[in-house]
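Since the structure comes first, as structure tokens, the remarks are kept for the end.
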Amino acid sequence: MEYDGQADSDTCAQEELSRLFQSSYGSVTSTTVAKKDTYCLHLAHDTTWDSVAVAMSDRSVAVLNGSTLQNLFTFTPHEKSITGLKFSSTSHNLIWTSSNEGLVKLWDARSNKMEKEFVGKSEESAVTKPINSFDVSGNEKILCAGTELVQNGAYVLFWDIRGSEILGGYWDSHTDDITQVKFHPSQPDTVATASTDGLINVYDISQNSEDDALTYCMNASVTIDKLAWMSQNGRYERLSGITDIHSLQYWDIKEASPLHKFSREEMTAAMRRKLHEECYLVSVDMPCVGEDPVILAGSGLENEASSCLRLLKLDLQSGRLQPYGMLISKQKQLMTRAALYNKGTDSYITAGECGVVRVWKRDEKEVVRKETKAKHQKHRAKPY
């Protein structure tokens, strides 16, 4: 079907939607952080969820109270577009940012001053390389960044956070822009990267050479825009990937092909929407370690009136996408670009092209109903 600009709509009635998408999250608070025609690009939270940071297309970063979304302060860390945002895992006052000007910076939120700066240069190439993505190891010792293609090379660069000099880099494993860098949640020497060349690589950076470090190489065949480590049986050996064409891939890093993959059309059908050109993917999360992944997807790329946010569950046993929940707001919204899921409170924080950050919480009536049902079932199952 050719897209003619018409608004997207549902394939079933509201009553059927409520039956299928049973987990309901309501918008409880929101705040406008961006000026007109300015987008929210990235979200990050500190370890306690007391603070949330949002990076915007005007190169500014706003730090908000995690519950009330009160704007605590705003700063502009870079002269060019911000490509990454992350709180320090050791201090809620320290915030990492990266930019395609070729810099990664560490900011102190208390003084609003830059603590450290890391430049995207290496011994092999003195040219400053635009940085697309970065991450910091769980033990807060190693900084890793992925660059654009520069002089026929795309670089994965490493720094010792205690200093500022570059430790080294990899430049033979990828042949195009590196779009994602993600450290393993519990193994600080393991890092995954994704690139426009269609490859997902996993490295053991404790090894002495790039050849020895490259542990797994997976051919996604398309660009992975968002990469996330997933847990299975208590071990993080799986990766989810949202592609630049809004399809989904789910990998076991030891396998040569994805365990599950879904096209944009299949995602649209699971959302019970009609126009796949209007549907997009936002994030993949796991409510609890070992549970099935939950995908946040939206509709309304071109038409604010048709906007919606829905949750899909990937049933790993059957390999099917199942309707799971809805994020319901009275306010219309444009494309959601970033989302955070708080497992402790079972809530979402979203931000996007409308310049609004919004907190969504599970419907209290539904939570009470489920808890009552669970208690009742446990009592009936008692063998004495």
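These numbers come from a predicted model, not from an experiment. When a residue number appears, it is its place in the shown sequence, counting from 1.
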| task | Say whether Asp8 and Ser299, considering side chains only, have a donor N or O and an acceptor N or O under 3.5 Å apart. | result | yes
| Main-chain N/O of Thr179 paired with Asn132 side-chain donor or acceptor, under 3.5 Å | no
| request: Using only heavy-atom distances, determine whether the side chains of Tyr39 and Asp58 contain a donor-acceptor pair under 3.5 Å. | output: no
| query | Taking atom NZ of Lys105 as the centre, does the number of heavy atoms from other residues, nucleotides or ligands within less than 6.0 Å exceed 12? | reply | yes
| query | When you measure from the side chain of His174 to the backbone N and O of Asp197, does any donor-acceptor pair fall under 3.5 Å? | reply | no
| request: Indicate, with yes or no, if the rings of Phe262 and Tyr250 have centres closer together than 6.0 Å. | output: no
| Considering all heavy atoms of both residues, which atom of Phe87 and which atom of His92 are nearest to each other, and what is their separation? | CE2-O, 3.5 Å
| task | Please tell me if the side chains of Met267 and Ile295 come closer than 4.5 Å, counting only heavy atoms from C-beta onward. | result | yes
| said: Do Ser209 and Asp211 pair up side chain to side chain, a donor and an acceptor below 3.5 Å, judged on atom types alone? | reply: no
| task | For the pair Arg273 and Asp10, find out whether any cationic side-chain nitrogen is under 4.0 Å from an anionic carboxylate oxygen. | result | yes
| note | In terms of heavy-atom contacts, Leu20 and Cys12 come closest through CD1-SG, 4.4 Å
| Quick one: do the Glu210 and Ser173 side chains pair a donor with an acceptor below 3.5 Å? | yes
